[in-house]
Amino acid sequence: MTDTIETVVFPVAGLGTRFLPATKSVPKEMLPVVDKPLIQYAVEEAVAAGAQRLVFVTGRTKNAIADFFDTAYELETELAAKNKDDLLAIAQSVVPEGVDCLYVRQSQPLGLGHAILCAKPLVSGAQFGVILPDDLIHHPQDPVMCQLARHHHATQASVVSVNEVAPAHVNRYGVVDAPEFEGRFGAMRGIVEKPEPSQAPSNLAVVGRYLLSSQILDILEHTPPDHRGEIQITDAIATLLNTERVDAYRFEGAQFDCGNKLGFLQATVALGRAHPELGQDFSNWLDAN
Ligand code: G1P
């Protein structure tokens, strides 16, 4: 494996039913946390880590995501005509220069591994990143994908971000068997998808960031669906472990599960408090109420 992360894949085909009715006509990734849609946090993290090719694995109801990352001629013409340069700069900076956005559809809900496999024709490089936008991780000084990229540069290993969770909650996540940690990382011996708490190898759960050897794409082609009928990235990583090193990495940063309402609200409060313009007023109001 060489050192650049050229491509980051964003699986965004899910229906977001937990946020109905909001998601009846708006993709959940377009719901704003303070002033940016969830997907933009994920994209900013990928770009911070050097990605130049962003691959969105979308579905029939997700056209708003492609529209968001496209040029908005009417809006930009209008803002330019009114000399609203600040707003024009905001609209134009959604995708930085030199970054390509590519789209592929996952036409059947066959799991996260299948979604990543759909991106295969668009992935370039010896390794690539995957960001699940539902997992918002706030660490502006050192975004998590940058932490994973640094670890990869130092070790050449594939790397998956992990977090400790309550033992009773391991059945919601991929869970790693990585018995020996040196500082933030430990070499994985195994990984299982959503184990029963009594069967789990640890309480270290995978959070939505992966930096994977491209070999995983060939493995995914031969990974059978699990008992839920889904092709799991977790199962493909377990196979990759037979031939390549994969590390679990305890990241630094505040994680919010924006796939559910409570996590989304918590993210809104935390990022609202940290917001450069609104933070002070918002914190004052929260503290007084
Ligand atoms: C997916 C993965 C799981 C991982 C989780 C992180 O599960 O399959 O291994 O721990 O994302 O958010 P999902 O949340 O799609 O059920």
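Computed from a predicted model, the values in this text were never measured in an experiment. Counting starts at 1 for both ligands and their atoms, following the listed order.
- In this structure a side-chain-to-backbone donor-acceptor pair under 3.5 Å is present from Gln147 to Glu252.
- For Tyr173, the ring pair (Phe, Tyr, Trp, His ring centres under 6.0 Å) criterion is met by no residue, not counting sequence neighbours.
- For Asn284, the side chain to side chain donor-acceptor pair (under 3.5 Å) test picks out Gln280, with sequence neighbours left out.
- Annotation: cation-pi geometry satisfied between Arg250 and Phe181 (NZ/CZ under 6.0 angstrom from ring centroid, within 45° of ring axis).
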Present, as a list of atom pairs with distances to 0.1 Å, all nitrogen or oxygen contacts under 3.5 Å between ligand 1 and the protein.
unit_1: ligand 1; atom_1: 7 (O); unit_2: Lys194; atom_2: NZ; d: 3.4
unit_1: ligand 1; atom_1: 8 (O); unit_2: Glu193; atom_2: OE1; d: 3.4
unit_1: ligand 1; atom_1: 8 (O); unit_2: Glu193; atom_2: OE2; d: 2.7
unit_1: ligand 1; atom_1: 9 (O); unit_2: Gly174; atom_2: N; d: 2.9
unit_1: ligand 1; atom_1: 9 (O); unit_2: Glu193; atom_2: OE1; d: 2.7
unit_1: ligand 1; atom_1: 9 (O); unit_2: Thr234; atom_2: OG1; d: 3.4
unit_1: ligand 1; atom_1: 10 (O); unit_2: Gly174; atom_2: N; d: 2.9
unit_1: ligand 1; atom_1: 10 (O); unit_2: Val206; atom_2: O; d: 2.7
unit_1: ligand 1; atom_1: 12 (O); unit_2: Asp135; atom_2: OD2; d: 2.8
unit_1: ligand 1; atom_1: 16 (O); unit_2: Lys194; atom_2: NZ; d: 2.6

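- Grouping Ile, Leu, Val, Met, Phe, Trp and Tyr residues whose side-chain heavy atoms lie under 4.5 Å apart, directly or via other members, places Trp285 in a hydrophobic cluster with Val269, Phe282, Leu286.
- Ring orientation note: the planes of Tyr103 and Phe56 are close to parallel, at an angle under 30° on the 30°/60° scale.
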